[in-house]
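Below, all heavy atoms of this structure are taken into account, side chains as well, without hydrogens, waters or symmetry copies. Note on naming: letters A, B, ... go to the chains in the order of the sequence lines (proteins, then strands), and numbering restarts at 1 for each one.
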Amino acid sequence: MKPALFSVLCEIKEKTGLSMRNAQEEESQDPQLVRLDNMLLAEGVAGPEKGGGAAAAVSAATSSGGMSPDSSLEHSDYKSKLSQIRNIYHTEMEKYDQACSEFTTHVMNLLREQSRTRPVSPREIERMVAIIHRKFSSIQTQLKQSTCEAVMILRSRFLDARRKRRNFSKQATEVLNEYFYSHLANPYPSEEAKEELAKQCSITVSQVCNWFGNKRIRYKKNIGKFQEEANIYAMKTAIVATQSEDSPHTPNSTGSGGFSLTGPDLFLGVPPMNGEQPVYMGAQTNGNWQGQNTPPSATSPGNDHSEESD
DNA sequence: AGAAATGATTCGGC
DNA sequence: GCCGAATCATTTCT
């Protein structure tokens, strides 16, 4: 009588209860999980310990924007923050794993004990374990998700160049200003000139572009404010020009490129007194540069400063 | 602390 | 693809 009742109860259990919510949504959230896993792996958070993956990812991402060579500090900062995240991720993950297995054994023991008083089929145990694992893995998925978010935030913080802007060195701005004011009639450096300037200033070509873009627009917006600066640099170039006239060799020691930094006939030769009158008269300073932008092909030096001939 | 300066980004036009 | 313009985010000056 007793075994018969037992088997009946087993059958009932088989058809109801735990069997209903079974291997279903397991597949549905898989793609997302895979994506998260891949992302974490790519960022160097998951996967092998202390891999170069993180650094590689950073350098790959930053190389497109162009960074100054002193970015190693930021990189180490980024790496330390990333390893912090990784540590948290791994310890949490381990904790969950441990908790999961502990809970599983606990439940198994319970079921084993219960099996003395009621029918507990091995399939029921299996399902129970599966449910527990699913629950814990969903928690782990949440952890993965938030870790991903943290990494993304970290990346955006470190990769957004505006956040870690550094002023250029004094020497660099000097070089750029010299070029700008000696080519005030047409302050659009050619590709070669940009590269040369970038080399001289230890910055990237795109930074040179940014600088000239900013300079042009800010100069045009407020010419008066830049008058003094213009005078200073005009003086400098004038001095360089006279020096180059005196000596047979050109003092453009840096000149491996195809442009000259001197524009002597833009300077009127009046000393920059503190008077109101503008001393320096770069040809077209009325803001109408546009239109006289020389095409990129015209990079031949010598015919550099051909301003307002009429 | 607030203003000014400055380098970088975004967007629309050509 | 470059440029001007507007804007953002940070640094430097006051």
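In this entry the distance linking CH2 of A:Trp211 with P of B:dT6 reads 10 Å, nearest Å. The CZ-C1' distance, from A:Phe168 to C:dT12, rounds to 15 Å in whole Å. B:dT6 atom C1' lies 17 Å from atom CD of A:Glu174, rounded to whole Å. Between the C1' atom of B:dA8 and the CG atom of A:Leu176 lies a distance of 15 Å, rounded to the nearest Å. Separating the CZ atom of A:Arg166 from the P atom of C:dT11 is a distance of 7 Å, rounded to the nearest angstrom. Between the C1' atom of C:dG4 and the NZ atom of A:Lys220 lies a distance of 7 Å, rounded to the nearest Å. If you take OH of A:Tyr219 and C1' of C:dC3, they are 19 Å apart, rounded to a whole angstrom. With rounding to whole Å, A:Arg165 atom CZ is found 18 Å from C:dT7 atom P.
Here A:Asn210 lies in heavy-atom contact (under 4.0 Å) with a base. At the heavy-atom level, A:Arg216 lies under 4.0 Å from the strands shown only through sugar-phosphate atoms. Contacts of A:Lys215 with the nucleic acid, taken as non-hydrogen atoms under 4.0 Å apart, are absent.
The side-chain heavy atoms of A:Tyr181 and A:Asn231, taken from C-beta on, include no pair separated by under 4.5 Å. Side-chain contact between A:Asn177 and A:Trp211: present, with at least one pair of heavy atoms (C-beta onward) separated by less than 4.5 Å.
Closest contact between the side chain of A:Lys221 and the listed nucleotides C:dA6, B:dG7, C:dA5 involves C:dA6. Residue A:Lys194 has its side chain nearest to C:dC3 when only C:dC3, B:dG7, B:dA8 are considered. The nucleotide whose nearest atom lies closest to any side-chain atom of A:Ile217 is, among C:dT11, C:dG4, C:dC8, C:dG4.
Two residues, A:Asn167 and A:Phe212, neighbour DNA chain C, and the one matched to the more 5' nucleotide by heavy-atom proximity is A:Phe212.
Judged by distance alone, with hydrogens and angles left aside, A:Arg218 brings a side-chain donor or acceptor within reach of the base of B:dG7, the pair sitting under 3.5 Å. Interface remark: the A:Asn214 side chain does form a donor-acceptor pair with the B:dA8 base, using a distance-only criterion of under 3.5 Å.
Taking OG1 from A:Thr147 and CG from A:Leu36, the interatomic distance works out to 9.0 Å, rounded to the nearest 0.5 Å.
The shortest distance between the side-chain N/O atoms of A:Gln207 and the OP1/OP2 oxygens of B:dA8 is below 4.0 Å.
Listed by first and then second residue, the salt bridge (charged side-chain N to carboxylate O under 4.0 Å, His left out) pairs that reach into residues 202-218 of chain A are A:Lys215-A:Glu229, sequence neighbours excluded. Applying the salt bridge (charged side-chain N to carboxylate O under 4.0 Å, His left out) definition to pairs two or more places apart or across chains, those involving residues 91-101 of chain A are A:Glu92-A:Lys95.
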